[in-house]
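Remarks on the structure that follows.
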Amino acid sequence: YLAKPMPDVLVELGFLLCFVAYYRTSFTTEKRMTPALVLFVMGTLLIFLSKETFLIIYPFFLLLLAADLWKRERWEFWKKVLFSVIAFLLFYFLYYWVATGNPLMRVEALFHDRYISECTYDLQPTEVMIRRIAYGMWFNFMKFGALIPIGFVLLLSKKYALSQGERFIFFSYLAVLLLSNFMTISYTSYVPLCDDTRHFLFVYPIAAMVVIIGFSHLNKMGLKHRAIIALTLILQWYITSSTYPENYFFIFIPIALGVFFWGKWKVTWPWALLVISGLFYQYISNVQYHRILNFPKQKKLIEYVLEKEAPVLIVTDPANSRIGNFYAGYRPEKHLFLSYKAYSELDSLPEGPVFFISNGMTSYHSNINWEEVPREITDAPQQLNPVMKNEAGEVYLLRE
């Protein structure tokens, strides 16, 4: 997801900035408060401005604030954080009040654009939400590797004498997992976080820290505890492979073997290579998947119609129509891309040729009700020969 311009990446960055800032001011010898304070405020504002689901993350830091107030620690840090955030919020709402006449304009716009999906749990039967919070999210945690470090929680045993900072990172990892599973993203109704991995990206930096700490202490662990960690990975492989069509063998099993045999025969590098291969397999798999999607060929379907000089009308699925208008430079007087619904609602056709682009991938992402698509579109593949065709789809000339 780092390659995609999504606000979730900024939420992840904002959370990490806040986390690092609190860690620096609490568990390092850093005496200057200003760098950590600036980091924390920057992270807070970044989360707030990036996405409305900031509600899920703030309880983590509110709990830290409550704990520090109870122990009477870091009050100067929190006082300056709260002052900075409140000052920003006052400026923020005042700006919208002056600019639009409504200080809550952005909030209302976000909820106005809300659409019904499989993740609008407040609008679905109760059993759907129960499945989501009981096991649905945990299955996705496994599928996307967020639970790979879970076995290392054994290190919280007093036997291993983790530092205060390391223990804080471990407890933070467990806390963000629980928050992701149970916390609502709405303040008007109970709507748990959508279980798509992009929504819980902020878990991964903390999970990575747990992995690093875990492997730094692995040589101290006996065979029994290493076997338990390996078993948690094998169990995740079994559950994911039984639940999803993909094969997760090359993710979990190499890591499990690497953990189990770590340090055996006084060598580490063979087992380190196994762990690294497991962690990198997902990236290799993604490269293969993207090659199958063949984005350059998808783009060529659009480029074919953009080469036409006369004013051209192009009918395609909603996702592809947005992409097409982007590549056309938003010049509807020359190349106008319309979704099937918009095309069916035209009172009359403008002059110039009419093309239909059939793209299986963008159609899949458009959630189309094909019964509402005009017949000349659905019949085109059977009645017309494509004027352009490649592995991604076809282009048909509907009208000269």
[X]: what forms a salt bridge (charged side-chain N to carboxylate O under 4.0 Å, His left out) with it, not counting sequence neighbours?
X	value
Lys31	none
Lys308	none
Arg375	Asp379
Glu246	none

Under 3.5 Å, which donor-acceptor pairs do the side chains of residues 392-400 form with other protein atoms, sequence neighbours left out?
none

Could you work out the complete set of other residues in the hydrophobic cluster of [X], with links drawn between I, L, V, M, F, W and Y side chains under 4.5 Å apart?
X	answer
Leu273	Trp269
Leu90	Ile86
Trp70	none
Ile276	Phe280, Tyr283

Mind listing the side-chain donor-acceptor pairs of residues 322-329 below 3.5 Å, one per line with the distance, residues two or more places apart or on another chain?
{"unit_1": "Asn325", "atom_1": "OD1", "unit_2": "Phe337", "atom_2": "N", "d": "3.2"}
{"unit_1": "Asn325", "atom_1": "ND2", "unit_2": "Ser321", "atom_2": "O", "d": "3.1"}
{"unit_1": "Asn325", "atom_1": "ND2", "unit_2": "Phe337", "atom_2": "O", "d": "3.1"}

Enumerate the residue pairs fulfilling ring pair (Phe, Tyr, Trp, His ring centres under 6.0 Å) with a member in residues 12-43, sequence neighbours excluded, ordered by first and then second residue.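 Checked against ring pair (Phe, Tyr, Trp, His ring centres under 6.0 Å) - neighbours excluded - the pairs reaching residues 12-43 are Phe15-Phe60, Phe15-Phe61, Phe15-Phe202, Phe19-Phe168, Tyr22-Trp78, Tyr22-Phe168, Tyr23-Phe27, Phe27-Phe168, Phe40-Phe61, Phe40-Phe77, Phe40-Trp78.
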
Per-pair distances, 0.1 Å, donor-acceptor, side chain in residues 136-151, under 3.5 Å, sequence neighbours excluded:
{"unit_1": "Trp138", "atom_1": "NE1", "unit_2": "Asn181", "atom_2": "OD1", "d": "3.4"}
{"unit_1": "Asn140", "atom_1": "OD1", "unit_2": "Tyr244", "atom_2": "OH", "d": "2.7"}
{"unit_1": "Asn140", "atom_1": "ND2", "unit_2": "Asp195", "atom_2": "O", "d": "2.4"}

